[in-house]
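Written out below as structure tokens is the structure these notes cover.
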Amino acid sequence: MQYNHKEIEQKWRKHWEENPINVETPDKKPYYCLDMFPYPSGNGLHVGHWRGYVLSDVWSRYKVLQGHYVLHPMGWDAFGLPAENYAIQKKVHPATATAENVANFKRQLHDISAIYDWDKEVNTTDPEFYKWTQWIFLKMFENGLAYEKEMPINWCPSCKTGLANEEVKEGCCERCGSTVTKKNLRQWMLKITKYAERLLNDLEGLEWPEKVKKMQADWIGKSYGAEIDFEIEGTDEKIKVFTTRPDTLYGASFMVMAPEHKSVLSLVTDEQKEVVEKYVFDASTKSSVDRMADKEKTGVFLGRYAINPLNGAKIPVWISDYVLADYGTGAIMCVPAHDDRDFAFAKKFDLPIIQVISKDGKEAELTEAYTEPGVMINSGDFNGMPSEEAKKAIPEFLETKNIGKKTTNYKLRDWVFSRQRYWGEPIPVVHCDKCGIVGVKEEDLPVRLPDVESYEPTGTGESPLAAIEEWVNTSCPCCGGPAKRETNTMPQWAGSSWYFLRYPNPHNDKELISKEDMKKWLPVDMYVGGIEHAVLHLLYARFYTKFLYDIGVVDFEEPFKRLFNQGMVTKAGAKMSKSKGNVVSPDELVENYGCDSLRMYELFIGPPELDSEWDDRGIEGVYRFLNKVWKLVDENKEVPETRDMERIRHQLIRDITVRMEGFNLNTVVSGFMEYTNKLLDLQKKEGGLANETLRSMTILLAPFVPHIAEELWAKLGGEGSVFANTWPTYDEAKMKEDEVEVAVQITGKIAARMMISPDATQEEAIAKAKELVAAKLEGKTIVKEIYVKGRIVNLVAK
RNA sequence: GCGGGCGUGGCGGAAUUGGCAGACGCACUAGACUUAGGAUCUAGCGCCGCGAGGUGUAAGGGUUCGACUCCCUUCGCCCGCACCA
């Protein structure tokens, strides 16, 4: 009889609805397996989305079989630009469009047959959810972590909103790809930099892909160095510079300040005033892309000289846009002999190059900057010292003179947190003329997003909310006088920075999460999602968690113990997208081959962490395999378990378990295929298979292909659900072969093969091998004999 | 430019971590069953060669009894960062 996937899948889906397989009992340990929740776009799911969801569901079901009570929830990251843009275009409320998309996504997710607990669904646009998103903001505000600032920020002219640094990729908007410009705006910022050190240090203990940890570490970008004060000749001012190379201080032959440095206009001399002001103005209008694109260094002399605090040397002060205003002190000492950029600048403007570090202690003509460590030269008392030592010695000396100190710097910047768009959480503060910025009272949360006539972004840096007077005008929570609401909204990352804390008790209206649920479920045991959030969502979520730890809401500092990044599914070498027209829909595949086949094929397609090319024809092979398994059980005549069956059973359990633990899910599937072929042969040979053998395999298959596994389990006379079992265990002793094939090599070349006992001694194996290849050894002397147990004999002969 | 990863048949990919390269699957070829086959079954399938055999994991070198695996050089592809002093 053929395997009827439609009938079986329908039957068991219905059965599970009435008899859930993941139920709580006092003896079960909780396990939290989480998917990165999707943005419910109007395009629906494709086979690429399936991959991650199948992966996490297989893992969840595996944990159920290992005796866990599993939390495997799903929800919606539903604020964001696409819904808003759609709303503008179609003149429907974003909430309406979002609700439709959610319904559609939910229907499509249903086809995966994952063990989602829909009672725990969350939606970031639900006021009962974003009440807590706002609550966290208020707490940050109270703790001085949320602050307002007017500054030039990244501005996407197409999305018409400000962006965080993390949202700018290669000078372009992460979402739409437009070139990002700068705009001076009043912004809400989150002081993520306060957590830089902890965010960096705590990476160490995480079971995350090294790549992601490294990306975060690089993003945080800690560097060690020194701050050094330079007096400016003829003024009372001192300019502080930051350097990671204090060992090169004697080689500083000029100084460069960022055009935006606050002292530029006060220091500039009258003669240079005009040209400097022009340069500063030009720099302010340059986009970050233009700034990067300019390979050639530019700059102008300020007319002033700084004094090298170590040797009193007079060095010219310049300004140039290759120095960044918001890193370090916004000014640098330049050592062209030992820095590529300074070298290029010195060459361009014909500034002196003084070598102070040398490989061999001798001075030489430099054609490029020497950036390696070496021996100090031209450096007064420090001459002859290894430069790595001087890196410590010079700052220590400066500290004793009170003209400098050791310090560290981070590339991480504070998080630009406000967006000038409609479809996001309102920032819960009001502006009062008397009291200043005042947080909304906790009991008045949530601050609901009002209905507006027009969702169009204004483009002026004001949110569309600013136009709704009756919403904007309110009273001050502090003095009761007239006040205006903040009209900026939060970025899309706000909700996703903490949503995983809400799943255990989404309807709790007393607190963000109860202590009991928090202790029971969190932190997340396994988090599955794409790598695109390596420095966005994953960094923000870690920051939020640390903050919530500091204010006592949670008792752990890291939200996700283990992270798995699934690879993309590509078609024609490209990521699936509607615009490229290479989207493969799961609907037809489910119809023709069934959910089980598609689930298994999603895993079989390649190593889960790598990108894989989709080939529609491949699913056929998995479908054939399931038919084989079906026949194996359906047509079986039960016989007592033989030694061969027992051995295969234990080998199968071992191989599947080991590969499972290693997350090598593609080889789990090929393993099933391999053993099924072996069992079919054995079945033919023995006239049938033992129930025990088939039952074990059925349990192992269950996380992957749950429907057919249930049906087979029933066929095999199993009681209840296949998921009521525990994951089978294996016994090394029982999988031992009586004989193994060993290759016999003569000096590394295969000469023969022999069957021997796996317990044979080296002497026995070599003796037998020699006998076997005696003819080929004639006239040669054996100089070395190697036996690798159960694998190979190598006779090295001359 | 800096940092990280990768390179194995026509294709997706295996290889117990230094021990028989190409498991498993797709595609393909031949055959069987069939009115029929886009079903199923059997066999074959890296390359050269009728064959014995030779050769082969991007290219070249090295270590080793033995290298897809370790080391060095080169080439190619992918990802991240973007003047962070």
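So you know, we letter chains A, B, ... as the sequences are listed, proteins then strands, and number each from 1. Everything numeric here is computed off the predicted structure, so don't read it as measured data.
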(request) Check whether the side chains of A/K628 and A/N677 place a donor and an acceptor atom closer than 3.5 Å, and report yes or no. (result) yes
(request) Let me know the distance between CD of A/E609 and P of B/rC6, rounded to the nearest Å. (result) 11 Å
(message) Restricting to non-hydrogen atoms, name the atom on A/D611 and the atom on A/M568 that form the minimum distance, rounded to 0.1 Å.
(response) OD1-N, 2.8 Å
(request) Specify the residue among A/E674 and A/T667 whose closest nucleotide of RNA chain B lies further upstream toward the 5′ end. (result) A/T667
(request) Let me know the distance between CG of A/D681 and P of B/rC24, rounded to the nearest Å. (result) 11 Å
(message) At 4.0 Å (heavy atoms only), tell me whether A/N677 reaches a base, stays on the sugar-phosphate, or touches nothing.
(response) sugar-phosphate
(request) Indicate whether the side chain of A/E166 and that of A/W219 have a donor and an acceptor atom separated by less than 3.5 Å. (result) yes
(request) Using whole Å, report how far CG of A/N592 lies from P of B/rG38. (result) 17 Å
(message) Distance check, P atoms only: B/rG38 and B/rC28, in whole angstrom units.
(response) 10 Å
(message) Against the six-membered ring of A/Y675, is A/K678 placed for a cation-pi contact (under 6.0 Å from the centre, within 45° of the normal)?
(response) yes
(message) What contact category does A/K749 fall into here, base, sugar-phosphate, or nothing, at under 4.0 angstrom with non-hydrogen atoms?
(response) sugar-phosphate
(request) Could you tell me whether A/E591 and A/K6 have a side-chain N and a carboxylate O separated by less than 4.0 Å? (result) yes
(request) Could you state the atom-to-atom distance from CD1 of A/I319 to C1' of B/rC83 in whole Å? (result) 16 Å
(request) Please say which of A/W318, A/F254, A/F343 ends up in a ring pair (Phe, Tyr, Trp, His ring centres under 6.0 Å) with A/F349. (result) A/W318
(request) Indicate yes or no: does A/E227 engage A/K405 in a salt bridge with an N to O separation below 4.0 Å. (result) yes
(request) Indicate syn or anti for B/rU17, taking the glycosidic torsion and treating anything within 90° of 0 as syn. (result) syn
(message) Using whole Å, what does the distance between atom P of nucleotide B/rG13 and atom CG of A/D615 come to?
(response) 11 Å
(request) Using whole Å, report how far CZ of A/R51 lies from P of B/rG12. (result) 14 Å
(message) Quick check for you: among B/rG13, B/rC83, B/rA85, whose closest atom lies nearest to any side-chain atom of A/S612?
(response) B/rG13
Distances under 3.5 Å only, N/O to N/O: pair up the protein atoms with those of nucleotides 2-5 of chain B.
| residue | atom | partner | partner atom | Å |
| --- | --- | --- | --- | --- |
| B/rG3 | O2' | A/K214 | NZ | 2.9 |

(request) Would you tell me if any nitrogen or oxygen in the side chain of A/Y322 comes within less than 4.0 Å of OP1 or OP2 on B/rA85? (result) no
(message) Near RNA chain B, counting only heavy atoms under 4.0 Å, which residues of residues 330-339 of chain A show up?
(response) A/I332
(request) To the nearest Å, give me how far apart CD (A/E167) and P (B/rC81) are. (result) 13 Å
(message) Taking only the C1' atom of each, what is the distance from B/rG22 to B/rG56 in whole angstrom?
(response) 11 Å
(request) Give a yes/no answer on whether the side chain of A/R624 brings an N or O atom under 4.0 Å of OP1 or OP2 in B/rU40. (result) yes
(message) Taking only the P atom of each, what is the distance from B/rG46 to B/rU57 in whole angstrom?
(response) 16 Å
(request) Take the angle between the ring planes of A/Y327 and A/F242 and call it parallel below 30°, perpendicular above 60°, tilted in between. (result) perpendicular
(request) Starting from C1' on B/rA15, measure out to CG on A/N664 and report it in whole angstrom. (result) 12 Å
(message) Just confirming the chi classification of B/rG61, syn or anti, using 90° around 0 as the syn window.
(response) anti
(message) So, OP1 or OP2 of B/rA85: does either fall under 4.0 Å of a side-chain N or O from A/S223?
(response) yes
(message) Taking A/E602 first and then A/R599, would you say they form a salt bridge - that is, a charged N and a carboxylate O separated by under 4.0 Å?
(response) no
(message) Looking at A/N666, I'd like to know whether one of its side-chain N or O atoms comes within less than 4.0 Å of OP1 or OP2 on B/rA14.
(response) yes
(message) Counting the atoms with a prime plus P, OP1 and OP2 as sugar-phosphate, which does A/R659 contact under 4.0 Å by heavy atoms, base, sugar-phosphate, or nothing?
(response) nothing
(request) Using the C1' atom on both, measure B/rU40 against B/rC47 and round to a whole Å. (result) 32 Å
